[in-house]
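Written out below as structure tokens is the structure these notes cover.
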Amino acid sequence: MLPTTVVGSYAHPSWFYAAKELMEAGRFGPVDVEETFDDAVDRAILDQEEAGLDVISDGEMRRASFVWAFASRMTGLRDGGAPRKMGPMSLDMRNVQETTGPVGVPNGMGAVEEFAYASTRTTKPIKIPLPGPFALTTFIRPVDYYTDRTHLAEAFVPALNHEIRQLAAAGCKWIQLDEPATPGYAANDPHTAADIARLFNACIDGVTGVHFSLHICFGSFRKLPYAKKTYARYFPDLLEARADQFVLEYGTREMAEIEQWMSWAPDRELGAGIIDIRTHYCETPDDVAERVRKCLDHVPADKLFLTTDCGLRYVHRTLARQKITNLVAGVQQVRETL
Ligand SMILES: [Zn+2]
């Protein structure tokens with residue numbers, strides 16, 4: 001009852017930051033690199049197990065950051081530099097890739113290898129998150145060959161479908177696609193909920209026996225959201241997506257719109273984000289319990305999962321660990337009253 005989980009990415013320990021600096025400086029050999037990433041995954045798994053989460057991730061520790069990690073795996077791109085280089089850090093300070101022709105991910109996305117390793121390190125159920133096709137366009141500007149962002153997103157469907165089929169064959173039972181509420185700084189790309197649903201279904205086409213979730217993300221790069229924080233415009237069109245569960249952010253919005261759930265998606269599971277990953281405030285177990293009860297006023301208990309709003313990548317490790325510990329403690333308070 002009331003399973004707890006995370007969206008995907010986990011905080012990096014200080015030693016991992018230091019180790020990656022040494023890697024970039026060429027001080028690590030391949031054996032050192034592999035050992036370091038394995039250790040980072042082990043630590044992410046251990047923190048989640050110790051917190052008592054029911055379904056865990058590998059922390060996405062092998063991915064440089066959400067979608068940029070995949071740029072090096074893609075073909076058909078050239079580096080277009082960063083749109084802005086001065087002032088406060090934001091998404092537009094990351095380098096943008098420009099299309100030069102058909103894009104592809106010829107050697108896979110690496111998630112199959114991530115699952116293979118993580119599944120040897122825990123007996124807990126593992127969720128594997130993948131960026132959805134629109135998310136993969138976040139750092140790409142359609143220049144040559146593609147006319148718009150939706151056209152470009154469609155080009156990533158074969159690679160995602162292939163990866164998801166392989167994950168399912170390897171025994172992965174829960175796969176999540178993360179899609180941005182708006183792709184990066186692309187305010188001029190009006191993709192719709194219907195587009196997201198159509199491509200989600202194409203990505204999971206032909207795969208059975210897997211629990212599929214769809215996270216709609218307000219953006220969390222350096223804790224900075226980039227989307228209007230409402231899900232009202234996604235329903236009912238998003239219901240076309242054959243997702244078992246929608247993973248939505250409520251913590252950052254003080255639970256706004258939770259009262260809409262039964263009019264939006266009464267037959268689906270809700271992965272309710274109730275831990276705000278964009279604040280240094282650490283929700284207490286009592287805060288968590290209060291939010292869970294608020295969910296239960298509007299969501300059937302057997303359809304409710306509790307999670308962080310988004311990945312914990314930009315939360316410092318000590319705080320991240322406390323947040324997931326308190327998430328479990330608060331949910332447990334409510335379980336005991338049911
Ligand atoms: Zn998110």
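Whatever order the structure lists ligands and atoms in, that order sets their numbers, starting from 1. As the structure is a prediction and not an experimental result, all values here were calculated from the model.
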Next item on the list: Take R253 and E249 through the salt bridge (charged side-chain N to carboxylate O under 4.0 Å, His left out) test and state the conclusion after the steps.
Entry: CA-CA 7 Å; R253 303 181 299 141; E249 308 190 28; over 6 Å; no

Check: In the hydrophobic clustering (ILVMFWY, side-chain contacts below 4.5 Å, transitive), which residues join Y17, or is it alone?
Finding: none

Next item on the list: Identify whether the distance between the nearest side-chain nitrogen and carboxylate oxygen of E98 and R78 falls below 4.0 Å.
Entry: yes

Margin query: Would R62 and Y117 count as a cation-pi pair here, with the cationic atom under 6.0 angstrom from the ring centre and within 45° of the axis?
Written below: yes

Check: Is K229 salt-bridged to E254, going by a charged N under 4.0 Å from an acidic O?
Finding: no

Notebook entry, point to check: Going by chain and residue number, what protein N/O/S atoms come nearer than 2.8 Å to the Zn ion (ligand 1)?
Noted result: H215 NE2, C217 SG, C310 SG

Checklist line | salt_bridge(D39, R121) N-O dist < 4.0 Å | finding: no

